[in-house]
Structures are given as structure tokens and as C-alpha cells.
Protein chains: 2
Amino acid sequence: METKDLKQAGLKATLPRIKILSLMEENTVRHVSAEDVYKTLLESGEDLSLATVYRVLTQFEQAGLVTRHHFEGGHSVFELNEGGHHDHILCVKCGRVDEFVDAVIEERQQKIAAEKGYDMTDHSLYIFGICQACQKL
Amino acid sequence: METKDLKQAGLKATLPRIKILSLMEENTVRHVSAEDVYKTLLESGEDLSLATVYRVLTQFEQAGLVTRHHFEGGHSVFELNEGGHHDHILCVKCGRVDEFVDAVIEERQQKIAAEKGYDMTDHSLYIFGICQACQKL
DNA sequence: CTCTAAATGCGAACGATTCTCATTAACCTT
DNA sequence: AAGGTTAATGAGAATCGTTCGCATTTAGAG
Ligand SMILES: [Mn+2]
Ligand SMILES: [Mn+2]
Ligand SMILES: [Zn+2]
Ligand SMILES: [Zn+2]
């Protein structure tokens with residue numbers, strides 16, 4: 001239950017937070033913008049503010065519940081943290097998103113950071129291309 | 001001479017374009033924002049509009065003269081195209097930027113795209129960390 | 001049930017980028 | 001070299017995602 005998850009993350013179990021978290025726990029959505037969350041909840045009859053959606057998603061990020069991605073186009077996309085780190089491959093035609101993990105790449109990044117004298121904290125990797133479906137159009 | 005480069009790229013050799021291109025050809029700047037370009041040129045006594053800087057940089061990008069990077073923080077950073085493709089490692093403390101190319105990573109990305117059925121067009125990879133200098137603070 | 005700090009809603013503010021439109025400048029033609 | 005055509009520019013308004021400020025509400029401890 002979301003109330004538990006929230007308290008565990010050190011967050012009060014408020015109505016907006018419960019609604020947003022349960023929406024993100026539905027496996028029908030994996031990569032959503034704040035606007036997506038806002039509109040979906042409005043359509044479900046919930047009444048909340050877009051500013052709150054932004055605030056809550058940022059808190060979720062800080063609490064480690066979600067990850068914020070900077071997909072192209074200026075707007076952020078959020079994803080529930082489950083199943084661990086992974087990178088993304090996106091279709092530039094239709095916006096489809098697939099996920100992958102590559103141990104070799106992960107390891108090489110560590111090596112590069114070390115060579116350059118950096119203490120690596122994070123990385124972001126996006127592959128862009130045209131998905132199978134869009135290639136046939 | 002910049003006039004030549006511009007014509008070759010199919011662009012009229014206007015004053016703003018010449019100024020911006022020569023600024024970017026100085027090896028004192030490698031990764032600059034539109035704002036950086038604008039302020040630097042103003043300080044050099046040039047008189048031009050920020051809107052023009054944005055327009056020109058976008059045209060340069062389309063003409064293949066520069067590459068636009070989406071470093072974190074919402075704003076774009078531009079870099080003259082010379083020396084070919086490379087990726088970046090950034091210090092999250094001081095903003096330092098280093099460059100690298102890793103053949104293994106490049107190749108793996110191709111493989112991943114192929115496996116997922118994508119026709120890969122591009123990729124973006126940023127490693128974040130703390131640079132040597134900042135580790136000592 | 002009460003109280004207090006924290007969370008919310010609303011609209012204003014924000015910062016990077018783009019757009020509109022009147023004015024200016026490139027450069028092709030005489 | 002001068003003129004005309006058309007694209008480029010300057011100035012500021014507009015846009016868009018996101019954040020802020022502040023009055024109001026609510027969660028949760030006592
Ligand atoms: Mn994902
Ligand atoms: Mn670079
Ligand atoms: Zn597609
Ligand atoms: Zn540093």
C-alpha cells in the first residue's frame with residue numbers, strides 16, 4: 001500500500017502523494033511527464049494542482065522513489081524505481097521508448113571516469129533511432 | 001576565412017554570422033551557450049541581438065558547422081564541429097567538461113540498437129562526476 | 001479533539017528559446 | 001558602382017515547462 005511506501009520514504013501520506021504514487025505503480029505507465037500525471041488524475045476525477053504534481057515528483061525523486069529523465073524536447077519524464085538502473089533507446093519518429101542494460105558499457109564508463117580523474121556519480125545514455133514499426137511506414 | 005566557410009555551407013555571409021563563427025573558431029572556447037556567445041560579443045563591442053544568436057546557432061547546427069549538446073540545467077551548449085564525434089564527462093561541482101571517445105561503447109550501442117530492432121541515428125552519453133580538483137576541496 | 005508544522009492550490013514569476021513584424025543589409029542584376 | 005529583391009536582423013512579445021509566494025488546508029502527534 002502506498003501509505004506505507006510514503007512513510008517509509010519519510011514523506012507524509014497526503015492525498016496527492018498517494019494518488020500520484022499509485023498511478024505510477026500501475027504498470028500501464030512507465031515513463032510519464034508531470035503533465036501526463038496531472039491530466040490522467042484529473043480525468044480520473046481527482047482534483048489536484050499541477051504545481052503539486054511537480055513538487056511531489058521532485059520529492060519522490062529525492063526520496064529515491066522515482067528517477068527523472070531528460071528526454072529531448074525540454075521536458076522531464078519520470079519513472080518508478082523498480083528493477084534497477086537501465087538506459088533508454090528512443091524512436092525519433094513515434095516516441096517509443098525501450099530499455100536496456102549493458103554491462104560492458106557500464107564498466108567502460110567507470111574506466112573512462114577513472115582515467116580522467118573523476119569520481120563518477122552518475123551517467124545518462126540515450127540511443128536514438130527509428131523503431132521497427134516506423135521503418136515500415 | 002569565415003566568409004568562405006559560410007558560403008560553402010550555403011549561408012549568406014552576414015555580419016552576425018561572421019562574428020559568431022569566428023568566436024567559435026577561437027580555441028579559447030569549446031562549449032558555449034547562446035547566452036555566452038551573446039555576452040562575449042557584446043563585450044567585444046559588437047552589437048547584435050540574442051534572438052539572432054539563437055537563429056544563427058541553429059542554422060550552424062543544421063548546416064553541420066556546430067553540434068548542440070543538452071547539458072543538464074535546461075540550456076543548450078554549442079560546440080564547433082572539428083575533430084569528429086566524441087562524448088563528454090562533466091564535473092557536477094565546477095562544471096568542468098572533458099571529452100572522450102570509446103570505441104567499445106560506440107560499437108556496443110550499434111549492437112543494442114540492432115537487437116532492439118532500431119535503425120540507430122544518434123546517441124547522447126554524458127558521464128557525471130567530481131573532477132580531480134574538486135575532490136580536494 | 002486540538003494544535004502546529006507541513007502540504008496544497010492558485011496564480012504570478014521564471015528562464016531559455018522562439019516568434020512577429022517592421023527595418024536593414026547581402027548580393028544578384030543592371 | 002547603383003538599384004532591386006529577398007533573406008536576415010533587432011526589438012520585444014509570446015511560449016512552454018517549471019518553480020515560487022502566500023493564503024488556506026490537512027496530516028499526524030499529543
Ligand atoms: Mn525506463
Ligand atoms: Mn565537446
Ligand atoms: Zn517509432
Ligand atoms: Zn570540478
Side-chain angles (χ1 to χ4, degrees), chain A residues 1-23 31-42 45-63 65-79 95, chain B residues 1-23 31-42 44-63 65-78 95:
Chain A
M1 177 200 265
E2 301 79 23
T3 302
K4 205 80 182 194
D5 298 333
L6 288 169
K7 297 241 164 124
Q8 208 164 321
L11 298 170
K12 275 204 218 171
T14 66
L15 229 38
R17 300 216 260 237
I18 293 170
K19 298 291 168 48
I20 294 173
L21 186 53
S22 40
L23 172 62
H31 306 97
V32 282
S33 68
E35 191 77 28
D36 291 338
V37 170
Y38 176 63
K39 285 185 177 160
T40 304
L41 288 178
L42 280 198
E46 308 299 338
D47 184 38
L48 82 179
S49 155
L50 178 56
T52 297
V53 174
Y54 275 105
R55 278 189 291 239
V56 167
L57 286 173
T58 301
Q59 293 154 358
F60 283 6
E61 182 190 15
Q62 290 165 344
L65 291 175
V66 308
T67 297
R68 180 195 303 247
H69 300 293
H70 298 283
F71 290 180
E72 305 289 293
H75 64 339
S76 297
V77 171
F78 300 84
E79 161 173 41
Chain B
M1 177 200 266
E2 301 79 23
T3 301
K4 205 82 186 190
D5 298 332
L6 288 169
K7 298 242 164 125
Q8 208 164 321
L11 297 170
K12 274 202 216 171
T14 67
L15 230 38
R17 300 214 262 237
I18 292 170
K19 298 292 168 49
I20 294 172
L21 186 53
S22 39
L23 173 62
H31 306 97
V32 283
S33 67
E35 192 77 29
D36 291 338
V37 170
Y38 176 63
K39 285 185 178 161
T40 304
L41 288 179
L42 279 199
S44 315
E46 307 300 336
D47 185 38
L48 81 179
S49 154
L50 179 56
T52 298
V53 175
Y54 275 106
R55 277 188 291 240
V56 168
L57 287 173
T58 301
Q59 293 155 357
F60 283 7
E61 182 191 14
Q62 290 166 344
L65 292 174
V66 309
T67 296
R68 179 194 304 249
H69 300 293
H70 298 283
F71 290 0
E72 304 289 293
H75 64 337
S76 296
V77 171
F78 300 83

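Chain naming here is simple, since letters A, B, ... match the order of the sequence lines and numbering starts at 1 in each. Fair warning: this is a prediction, and the values are worked out from it, not measured in the lab.
- A straight line from CG of B:Leu15 to P of D:dT9 spans 9 Å, rounded to a whole angstrom.
- Chain A approaches DNA chain C over the interval C:dA6 to C:dG11, counting the first and last nucleotide 5' to 3' with an atom under 4.0 Å from its heavy atoms.
- Residues A:Thr58 and A:Arg68 form a side-chain contact, since some pair of their non-hydrogen atoms from C-beta on lies under 4.5 Å apart.
- Phosphate contact (OP1/OP2 of D:dT19, side-chain N/O of A:Tyr54, threshold under 4.0 Å): absent.
- The CZ atom of A:Phe78 sits 10 Å away from the C1' atom of D:dT18 (whole-angstrom rounding).
- The nearest whole Å value for the distance from the CG atom in B:Leu57 to the P atom in D:dT9 is 11 Å.
- Rounded to an integer number of Å, the gap from CG of A:Leu50 to P of D:dC20 is 14 Å.
- Taking each heavy atom of A:Ala63 and A:Leu11 in turn, the nearest pair found is CB-CD1, 4.3 Å.
- Residue-level contact check: B:Arg55 touches the bases, meaning some heavy atom is under 4.0 Å from a base atom.
- Considering CZ of A:Phe78 and NE2 of A:His69, their distance stands at 10.0 Å, rounded to 0.5 Å.
- Atoms CD1 (A:Ile18) and P (D:dT26) sit 14 Å apart, rounded to a whole Å.
- Counting to the nearest Å, the P atom of D:dC16 and the NZ atom of A:Lys39 are 11 Å from each other.
- Nucleic acid contact class of A:Ala13 (heavy atoms, under 4.0 Å, all strands): sugar-phosphate only.
- A:Arg68 has its CZ atom 11 Å from the C1' atom of D:dG17, to the nearest Å.
- In terms of heavy atoms, A:Ile18 sits closest to A:Ala13 at CD1-O, 3.7 Å.
- Side-chain contact between B:His70 and B:Ser76: present, with at least one pair of heavy atoms (C-beta onward) separated by less than 4.5 Å.
- Under the side-chain contact (heavy atoms from CB on, under 4.5 Å) rule, A:Leu48 has a single partner from A:Val56, A:Leu15, A:Val37, A:Ile20, which is A:Ile20.
- Considering only side-chain N and O atoms, A:Ser76 lies under 4.0 angstrom from the phosphate OP1 or OP2 of D:dT18.
- Phosphate contact (OP1/OP2 of D:dT9, side-chain N/O of B:Lys12, threshold under 4.0 Å): absent.
- Taking atom NZ on B:Lys19 and atom C1' on D:dA8, their separation rounds to 15 Å, with Å as the unit.
- For B:Phe60 against B:Arg17, the heavy-atom pair with the smallest separation is CZ-O, 3.7 Å.
- If you find the closest nucleotide of DNA chain C to B:Thr14 and to A:Val53, the one lying nearer the 5' end belongs to A:Val53.
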